[in-house]
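Working notes for the structure below.
Letters A, B, ... mirror the listed sequences (proteins, then strands); counts begin at 1. For clarity, every value in this text was computed on a predicted model and none was experimentally measured.
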Amino acid sequence: MYKEAEKLLRSVIGDEEITFSDTPNPALGDFSTTVAFNLAKKKKKNPKEIAEEIVSLLKEKEKRYIKEIKNAGPYLNFYVNYNTFGYDLLRKIMERDWDIEEKKEKVIIEHTSTNPNKPLHMGHLRNAILGDTLARIFRFLRYNTEIQNYIDDLGIQVAETLWGYKNLRFEKNKKFDHLLGEIYVEVEKIKDKRIEREIKELNREMERSDISREFVERCVEAQLKTLSDLKIHYDVLIFESDLVRSGIFDEAYEKMKQCENIVLETEGENKGCLVMKLGNVFPDMENPDKVLIRSDGTATYTGKDIAYHLWKFGLVKRNMKYKKWNSLYLSSDTGEAMNFGRGDIVINVIGVEQSYPQQVVRLSLELLGYRDKAENFYHLAYEHVSLPEEKFSGRKGTWIGYTGDELLEEALLKAMEEVESRRPDLPEEKKMRIAKAVAMGAVRYNIIKYAPEKKITFRWKDALNFEGDSSPYIQYAHARCCSILKKAELQDFDPDFSDPEEKELIKTLYKFLFEIKKACDLKRPHLLTKYLNDLATVFNSFYNSLKVIGSEKESQRLALVKATQIILKEGLQLLGIEALEEM
RNA sequence: GGGCCCGUAGCCUAGGGGAUAGGGCAACAGCCUCCUAAGCUGUGGAUCGCGGGUUCGAAUCCCGCCGGGCCCGCCA
């Protein structure tokens with residue numbers, strides 16, 4: 001309907017920018033535009049007169065989906081012909097004809113990238129859920145999408161934990177990541193000069209040989225278990241050690257050295273370091289230069305990250321090998337060559353605190369002459385999840401009691417309780433299935449529904465809320481649809497969409513693709529939860545005021561229910577939440 | 001010193017130039033002889049942090065404050 005409205009407007013106003021929005025109330029039509037204001041400014045005329053003029057010019061034009069166009073002062077209000085529009089829309093939805101063309105660009109989304117020495121806490125989950133949801137959205141819009149998880153297996157934290165694993169006594173019958181998390185906290189507590197020396201030595205040994213690989217893989221496997229419970233999956237795990245051993249990093253550093261803005265300092269405090277000069281970009285910064293390679297020849301975190309991104313964008317010749325590992329691939333020094341990397345668009349889901357280093361990575365691409373790559377480099381920054389009293393700290397162990405596993409377990413208990421009290425009639429196995437889907441959905445939804453730049457204070461009460469703006473609310477609307485659909489057969493109908501609830505539902509269904517595209521363009525997946533919540537609300541209101549089965553308009557309402565069910569299901573899938581048929 | 005983000009009812013939050021600022025939680029009052037009440041309807045509750053400015057029009061854009069957070073390492 002927007003398309004038709006736009007076409008009509010174009011025929012009289014030409015290239016002027018047009019946007020549509022909802023009217024404040026149905027008496028003023030179904031949607032509106034404010035183009036008359038803008039035209040008035042340009043033509044120095046009264047906006048109301050312009051609106052009137054447009055209305056009269058469009059009066060006689062042929063329309064299929066628009067019934068009428070009126071002006072209310074300077075506002076242009078469109079009245080939709082719900083019979084033609086609704087009928088066509090429902091048919092398209094039922095055919096799942098989304099009209100999305102396949103995209104040429106390859107998108108690489110990196111998310112999670114948690115140090116492999118601890119269990120995931122809610123902050124890590126926020127990262128993974130953001131990344132996973134965004135990836136699902138990109139895939140739905142038919143981008144070639146690759147999900148990477150970067151494993152920093154050479155970091156000092158791994159060395160510290162490995163040291164503790166070898167030298168301290170612990171109950172080892174725990175999930176491996178939890179065990180390591182506790183070891184890490186303990187090492188941080190007892191660490192002294194001697195231990196630190198041993199850890200440093202161990203770290204050097206890790207870089208020379210693969211002594212830590214199995215240890216790290218075990219931890220990653222345990223972390224990935226938590227994530228797969230949340231239906232979060234990856235295409236490939238990139239181990240830092242493989243980037244080093246494949247020679248990719250060295251090749252990238254050589255490339256960086258060719259750049260005139262990246263120089264080997266011969267004097268000053270950065271003497272002997274390879275430094276990126278950013279004085280022009282950040283003139284007011286105390287120390288705008290960024291060290292990429294230290295005077296001892298080792299790379300800094302940012303240096304490595306730049307090298308990694310040169311690889312991600314396909315700007316280095318060397319490549320890694322990969323081996324199949326459960327349902328995904330991981331980089332390896334033996335194995336097969338694969339086509340990972342070589343992205344056109346790179347999205348990194350990384351905390352806000354890394355905005356500056358991320359900006360440096362983007363700038364490095366620009367300085368190296370890859371302007372187009374720099375433009376397609378996005379840092380999806382998100383704020384942290386904290387407890388009412390304090391922040392999560394891996395070192396201090398404030399995450400204990402708040403790991404992803406514990407959250408899921410708690411949610412499952414609560415969900416089981418709810419199912420038990422609401423549906424005692426169901427067989428145990430079914431109750432369990434529903435509880436799992438509800439628990440998992442509640443966790444995902446409650447984390448993704450907030451705009452990424454908002455800090456989240458974790459409270460059990462909110463996290464385990466199954467009412468209102470929550471996953472079960474939407475799952476429930478979906479189950480209601482299914483329940484109706486089970487009781488009758490779909491058939492063709494002569495449309496007569498006259499009830500306000502029917503019209504509102506049609507309008508809301510129509511917005512699905514716009515909202516997804518918006519969420520994708522802005523890289524703000526929470527927009528999708530807002531939309532689905534709206535749709536569920538509109539449907540519930542329809543459900544409560546209109547009868548479907550046994551009504552005179554049964555066939556058309558069944559079609560509405562079917563379309564709603566399809567969109568709710570698609571939407572829930574994009575959020576990685578199971579659309580239950582019964583609950 | 002500089003940069004970025006946040007500030008919307010008791011609590012959480014949407015909206016980032018357009019018509020009366022949407023929701024949710026909590027509170028209160030109704031609604032199951034009718035497709036699942038994890039639902040629906042209604043009531044109360046907002047100087048959109050403060051002060052200027054731009055605009056026909058500002059929660060939204062600009063400037064200045066105030067409050068909170070983050071960043072500017074040869075740490076990761």
Side-chain angles (χ1 to χ4, degrees), chain A residues 19 21-25 28 32-34 37 40-41 46-47 72-75 77 115 152 155-157 265 269-275 278 282-288 290-296 298-305 351-357 359-360 381 383-384 386 391 415 418-419 421-423 438 442 449-457 459 461-462 465-477 479-488 526-527 529-530 533-534 536-537 539-551 554 557-558 561 582-583:
Chain A
T19 53
S21 61
D22 287 344
T23 55
N25 81 64
L28 293 168
S32 72
T33 178
T34 55
F37 285 108
K41 193 169 283 177
N46 183 334
Y75 291 94
N77 294 333
N115 279 323
D152 182 6
I156 195 80
Q157 279 126 327
E265 296 281 19
E269 56 175 353
N270 290 335
K271 189 176 174 193
C273 299
L274 188 70
V275 171
L278 293 169
F282 304 109
D284 295 322
M285 231 161 69
E286 261 177 41
N287 184 8
K290 193 82 192 167
V291 173
L292 304 181
I293 296 182
R294 304 181 186 98
S295 50
D296 67 2
T298 60
T300 60
Y301 175 85
T302 306
K304 289 184 205 170
D305 216 21
V352 258
E353 73 282 2
Q354 289 195 43
S355 292
Y356 174 64
Q359 206 185 346
V360 171
E383 265 291 353
H384 281 214
S386 59
K391 287 201 246 181
E418 294 292 326
V419 177
S421 77
R422 292 167 205 270
R423 299 299 305 274
V438 165
K449 77 172 178 178
Y450 300 106
E453 67 275 13
K454 289 272 186 189
K455 293 179 199 65
I456 297 179
T457 303
R459 292 184 184 91
K461 181 175 80 57
D462 300 334
N465 171 37
F466 294 169
E467 282 163 22
D469 184 13
S470 70
S471 161
Y473 177 82
I474 296 163
Q475 287 170 306
Y476 189 72
R480 273 180 156 175
C481 291
C482 291
S483 166
I484 293 173
L485 292 165
K486 259 181 240 158
K487 297 193 165 83
H526 74 285
L527 295 176
T529 64
K530 179 74 170 69
N533 189 252
D534 285 350
T537 301
F539 173 74
N540 277 330
S541 169
F542 163 92
Y543 178 92
N544 269 280
S545 45
L546 302 176
K547 214 171 154 61
V548 177
I549 290 161
S551 104
E554 176 173 310
R557 287 188 185 158
L558 267 177
V561 172
E582 190 181 2
M583 62 189 281

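Atom-to-atom, CZ of Phe466(A) to P of A26(B) comes out at 14 Å; the value is rounded to the nearest Å. In this structure, CG of Asp462(A) is placed 10 Å from P of A26(B), rounded to the nearest angstrom. Spacing between atom NZ of Lys530(A) and atom P of G24(B) amounts to 10 Å, rounded to whole angstrom units. Going from atom NZ of Lys449(A) over to atom P of A14(B) covers 10 Å, rounded to whole Å. Across the protein-nucleic acid pair, Ile474(A) atom CD1 and G39(B) atom C1' stand 14 Å apart, rounded to whole Å. We find that CD1 of Ile456(A) is positioned 15 Å from C1' of G69(B), with the value rounded to whole Å. Rounded to whole Å, atom P of C32(B) lies 15 Å from atom CZ of Arg480(A). Atom CG of Asp534(A) is separated from atom P of G15(B) by 11 Å (rounded to the nearest Å).
Among the nucleotides A38(B), A19(B), C40(B), the one closest to any side-chain atom of Pro24(A) is A19(B). Here the nucleotide nearest the side chain of Val419(A), chosen from A38(B), C71(B), A14(B), is A38(B). The listed nucleotides are A76(B), G39(B), A38(B); the one nearest the side chain of Asn544(A) is G39(B). Side-chain atoms of Glu467(A) lie closest to C25(B) of the nucleotides C25(B), C35(B), C71(B). Each of C35(B), A38(B), A76(B) was ranked by its minimum atom distance to the side chain of Met583(A); first place goes to A38(B). Comparing C35(B), A76(B), G18(B) by their closest approach to the side chain of Thr34(A) singles out G18(B). Between C34(B), G73(B), C25(B), one nucleotide has an atom nearer to the side chain of Lys547(A) than all others, and that is C34(B). Nearest nucleotide to the Ala72(A) side chain, out of A19(B), C74(B), A14(B): A19(B). Taking the side chain of Tyr473(A) as heavy atoms from C-beta on, and the options G39(B), A19(B), A76(B), the nearest nucleotide is G39(B). The side chain of Val291(A) lies closest to C74(B), out of G39(B), G24(B), C74(B).
Between Tyr543(A) and the phosphate of A37(B), there is a side-chain N or O to OP1/OP2 separation shorter than 4.0 Å. Dashed line: the shortest gap from a side-chain N or O of Arg557(A) to OP1 or OP2 of C35(B) is not under 4.0 Å. Considering only side-chain N and O atoms, Arg459(A) lies nowhere under 4.0 angstrom from the phosphate OP1 or OP2 of U13(B).
If you check distances only, the side chain of Asn25(A) does reach the base of U20(B) with a donor-acceptor pair under 3.5 Å. For a distance-only test at 3.5 Å, the side chain of Asn540(A) fails to qualify as a donor-acceptor partner of the base of A37(B). A donor-acceptor contact under 3.5 Å is formed by the side chain of Ser32(A) with the base of A19(B).
As rounded to the nearest Å, C31(B) and G69(B) have P atoms that lie 49 Å from one another. Nucleotides G39(B) and A26(B) have their P atoms positioned 10 Å apart, rounded to a whole Å. Going from the C1' atom of C28(B) to that of C50(B) covers 34 Å, rounded to whole Å. Across C66(B) and G49(B), the matching C1' atoms stand 7 Å from one another, rounded to whole Å. Across the C1' atoms, G2(B) and A46(B) are found 36 Å apart, a figure rounded to whole Å. Comparing the same atom, C1', in G17(B) and in A76(B) gives a spacing of 42 Å after rounding to whole Å. Here, C6(B) and G44(B) have their C1' atoms 29 Å apart, quoted to the whole Å. Spacing of C1' atoms, A19(B) relative to A58(B), comes out at 14 Å, to the nearest Å.
Considering CG of Asp152(A) and CG of Asp305(A), their distance stands at 10.0 Å, rounded to 0.5 Å. Rounding to the nearest 0.5 Å places CD of Glu453(A) at 6.5 Å from NE2 of His526(A). Taking CD of Gln359(A) as the start and NZ of Lys290(A) as the end, the distance is 11.0 Å to the nearest 0.5 Å.
With the nearest nucleotide of RNA chain B identified for both Tyr450(A) and Arg294(A), Tyr450(A) has the one nearer the 5' end. Both Thr23(A) and Leu546(A) lie near RNA chain B, and the one whose nearest nucleotide falls closer to the 5' end is Thr23(A).
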Pick out the pairs of N or O atoms, protein on one side and nucleotides 1-9 of chain B on the other, that lie under 3.5 Å.
unit_1	atom_1	unit_2	atom_2	d
C6(B)	O3'	Lys454(A)	NZ	3.4
G7(B)	OP1	Lys454(A)	NZ	2.9

Hey, what are the protein-to-nucleotides 56-62 of chain B N/O distances that come in under 3.5 Å?
none

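Under the 90° criterion around 0 for the glycosidic angle, C32(B) counts as syn.
Neither side chain, Thr529(A) nor Tyr450(A), offers a donor N or O lying under 3.5 Å from an acceptor on the other.
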Candidate pair Lys487(A) and Val548(A), rule side chain to side chain contact (heavy atoms under 4.5 Å, CB included), full reasoning: CA-CA 10 Å; Lys487(A) 297 193 165 83; Val548(A) 177; over 6 Å; no

